[in-house]
Amino acid sequence: MLQAIRDRVTGIVAIFVLGLLAVPFLFFGLDSYMRGVPQDAVAVVGDAEISSSEFQTSFAQYRQRLRQQLGDRYSELDTNQPAVRREHLEGMIDQLLLRQYAEDLGLRVSDQALAQVIRDIPAFQIEGQFNQDVYMQALRGAGETPRSFEQTLREDIQTSLIPQALSGSAVVTETEVDRLISLQRQTRQVSLVQVPAAEFEDQVEVSEEDVEAYYQDNIDRFTTEERVRLAYVELQPEALIEEAELSEEELRQRYESARQRYLTPEARRASHILITSEGAGDAESAEALATELRERIAEGESFQELAAEYSDDPVSAEQGGDLGWIEPEDMVAPFEEALYDLAAAGDVSDPVETQFGWHIIRLDEIRPPQGMSFEEARPEILEEHLQRQREDLYIELSERMVDLVYADDSSLDPLAEELGLEIKETDWFTRAGAENGIASNEEVVQAAFSDLVLLDEAVSDPIEIDRNHMVAVKVLEHEPAEPRPLEEVSDRIRQRLVTERSREMAEERAEALLERVGSDGSTLESLAESEGLDLVSIDSLGRRDFQQGPAFLREVFRLPAPGEEPTLHVLPRQGGYALVRLEGVRAGNPAEASETERDMMRRQLRSTRTQEALEGLIARLREETEISVVEDRL
């Protein structure tokens, strides 16, 4: 690929390009130029960076979660605003700052702790037990390798250590718990006269000029989202060769030459007792305890009971130390060597040291290797040969695809014709991508909306969206973001204006009623009777009486407690407004709270303290760290 670029940048073109590159060096010097924000970075945080692809992938995952949570209420336009993208980036910066801070403090996640977290993840278990095959299958399905997944998980756990440490240092007193309970259980006595907004809707007049003015003032609310439709060619090994052709003789030759491969390895069922330095106090104590336990087993004590009492492996300890079936390379080398040195079921090893601690291993059962017959191995041999043929052809064609695109990026036709591929088409999708198909891949979406593909109408560079899966795309149709026609949204605008204005009229009516109480001495009761309005009395309004409306509850509990005389207020309530008389405030009684409720309040207070401390820490880290953001790459 690079050679193709070199071949094209020659002669006068090369001199011109080099001349352009020289300009920044002349004005700013080489060092200044090289220390700028990296080309692919959307943000630089200290010595680390957040790449554009990393941000786009994280943001796409965030929007996908919102799409699942909100359902029909999800808006592609609202969730892709620049402010939303920037807010998401700020969250990523905060996480990176915390991870850097954890590293500076020397906080580390041990291999043992990481392994335990992975074993505890339900998605990797069968009937409550970790299963290696399920683990590997789940990672392959997510396009992850064990190394990349474990590194990401290690970083997430490492980042979470800071909030955990802050939570552990948060102090909550019982007096504070009592005060919070008294506030949470507080009730208020109110009476009110409801003024429904619906009564004023018939009085609202909305002209065409009003609709057009609202449309012009809020044009961003009525703008379609930019979208494209692509043509593409797709290179996949499975579509290149459908069947493998091997004679019976060739099949038997392959079977005989690799006979050992078609034997299932010997498996051993084992149990162990793990003694760690952390659990015993130090390394010497761990070794001494392991030696003592081995002697007690030799004297006839129960292996299972000792495992349940002493083992620092909580998962296997609950099963009397049982680890299940183990095959070669499942365990670390010292453990595996000791296990396979045992001769018969029931044999127990001497203490064996690994990076996890000291193990006492018992061999419970041996499953000997079992061979596959030629007939059993035949489909596997054919599949391996087919896969090898496909991959060889894929490598050849993918290299050819790169050359063809660089030779002519104006059309997909040469690619389709020379490589024998079909030109396919996607459905419409926005910058958020699609839920499935190639447009669900972030690199494809970025390419589709790049200047090269969108503005120059060129074929994209070949994109490898998965192992042995490459595509090249070209824009088939493009619809830029543009305002929806006024006639399309006028009904929505008119209804919105009617709703807003009728609520304003309801508020004015409630304010007028409030003035009458002050001017002519009317009471709430007399107003309700004279105006034909409903009077509602609530003797004990609690914070969870949501049938009154969340906005109404929020405003009522913001009001200061009345003195000797009730106070009057105009508050929003259930699609209108209400004239509210606050008659009294009663504090909750902490003595009536159960221990469960008190414990919940302690957790709530501790969480609040932790969040405040975390926000303060992040603010300080931001002040002490140089942070650069490239807005144009968001």
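Few gaps surround CD on E103; more than 12 heavy atoms of other groups in view lie less than 6.0 Å from it. Shown here is Q132, whose CD atom has more than 12 heavy atoms of other residues, nucleotides or ligands within 6.0 Å. Within a 6.0 Å sphere centred on CD of E87, heavy atoms belonging to other residues, nucleotides or ligands number 12 at most. For D427, the CG atom is loosely surrounded, since the number of other residues' heavy atoms within 6.0 Å does not exceed 12. Dense packing is recorded around CD of E425, with more than 12 heavy atoms of other residues, nucleotides or ligands lying under 6.0 Å away. For D217, the CG atom sits in a packed shell: over 12 heavy atoms of surrounding residues, nucleotides or ligands are nearer than 6.0 Å. Residue E624 qualifies as enclosed at atom CD: its count of foreign heavy atoms under 6.0 Å is above 12.
The closest side-chain donor-acceptor pair between D491 and Q495, if any, does not fall under 3.5 angstrom. Side-chain contact, S316 with D313: a donor N or O sits under 3.5 Å from an acceptor N or O. Under the 3.5 Å distance criterion, with hydrogens and angles disregarded, no donor-acceptor pair is assigned to the side chains of Q116 and Q112. Counted by atom type alone, R85 and Q56 present one or more donor-acceptor pairs between their side chains at under 3.5 Å.
With contacts defined as side-chain heavy-atom distances shorter than 4.5 Å, the pair Y101/R620 qualifies. Within the 4.5 Å cutoff, the side chain of E422 has no heavy atoms near those of the V233 side chain. Side-chain contact between I93 and I618: absent, with no pair of heavy atoms (C-beta onward) separated by less than 4.5 Å. Counting heavy atoms from C-beta outward, Y394 and M470 have side chains that approach closer than 4.5 Å. L89 is listed as a side-chain neighbour of V42, based on a closest heavy-atom distance under 4.5 Å. With contacts defined as side-chain heavy-atom distances shorter than 4.5 Å, the pair I326/L323 qualifies. Side-chain contact check for M401 versus L419: some heavy-atom pair is nearer than 4.5 Å. By the 4.5 Å heavy-atom criterion applied to side chains, F130 and I121 are not counted as neighbours.
Using a distance-only test at 3.5 Å, with no hydrogens or angles considered, a donor-acceptor pair links the side chain of Q158 to the main chain of L107. The backbone N or O of R221 lies less than 3.5 Å from no partner atom in the side chain of N218, so there is not a single donor-acceptor pair. Between the Q125 side chain and the R119 main chain, a donor and an acceptor come within less than 3.5 Å of each other. For the pair S58 (side chain) and F55 (backbone), a donor-acceptor distance under 3.5 Å is absent. S167 places no side-chain N or O within 3.5 Å of a backbone atom of Q164 that could act as its donor or acceptor partner. The closest donor-acceptor contact from the side chain of T224 to the backbone of A481 lies at 3.5 Å or more, if one exists at all. Under a 3.5 Å cut-off, the side chain of Q95 and the backbone N or O of D156 do not form any donor-acceptor pair. Without hydrogens or angle criteria, D456 side chain to A458 main chain gives no donor-acceptor distance under 3.5 Å. D409 places no side-chain N or O within 3.5 Å of a backbone atom of Y406 that could act as its donor or acceptor partner.
Between R63 and A432 the shortest heavy-atom distance is NH1-CB, 2.6 Å. Of all heavy-atom pairs between L454 and E226, the closest is CD2-OE2, 3.5 Å. Of all the heavy atoms in T354 and P334, the pair that sits closest is CG2-CB, 4.0 Å. Contact between V459 and A472 at its shortest, heavy atoms only, is CG1-CB, 4.0 Å. The two residues G433 and V445 have their closest heavy-atom pair at CA-CG2, 3.7 Å. Scanning both residues, E54 and E49, for their nearest heavy atoms gives OE1-O, 4.0 Å.
A ring-centre distance under 6.0 Å is found for F124 and F149.
Between E457 and K474 there is no salt bridge, since no side-chain N of the basic residue sits under 4.0 Å from a carboxylate O of the acidic one. At a threshold of 4.0 Å, the pair E150-R154 does not count as salt-bridged, since none of the basic side-chain nitrogens sits closer than that to a carboxylate oxygen. Salt bridge present: R622 and D94 bring a charged side-chain N and a carboxylate O closer than 4.0 Å. We find that R367 and E266 are not joined by a salt bridge, their nearest charged nitrogen and carboxylate oxygen being 4.0 Å or further apart.
W325 does not carry R268 over the face of its six-membered ring by the limits of under 6.0 Å from the centre and within 45° of the normal.
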Can you list the steps and then say if V45 with Q100 is a side-chain contact (heavy atoms from CB on, under 4.5 Å)?
-> CA-CA 9 Å; V45 183; Q100 292 172 339; 3.9 Å; yes
Would V84 and Y62 count as a side-chain contact (heavy atoms from CB on, under 4.5 Å) if you check the C-alpha gap in whole Å, the side-chain angles of each, and the deciding distance to 0.1 Å?
-> CA-CA 11 Å; V84 179; Y62 162 72; 4.2 Å; yes
Assess whether salt bridge (charged side-chain N to carboxylate O under 4.0 Å, His left out) is satisfied between E418 and R400, documenting all intermediate values.
-> CA-CA 9 Å; E418 183 156 342; R400 183 63 184 143; 2.6 Å; yes
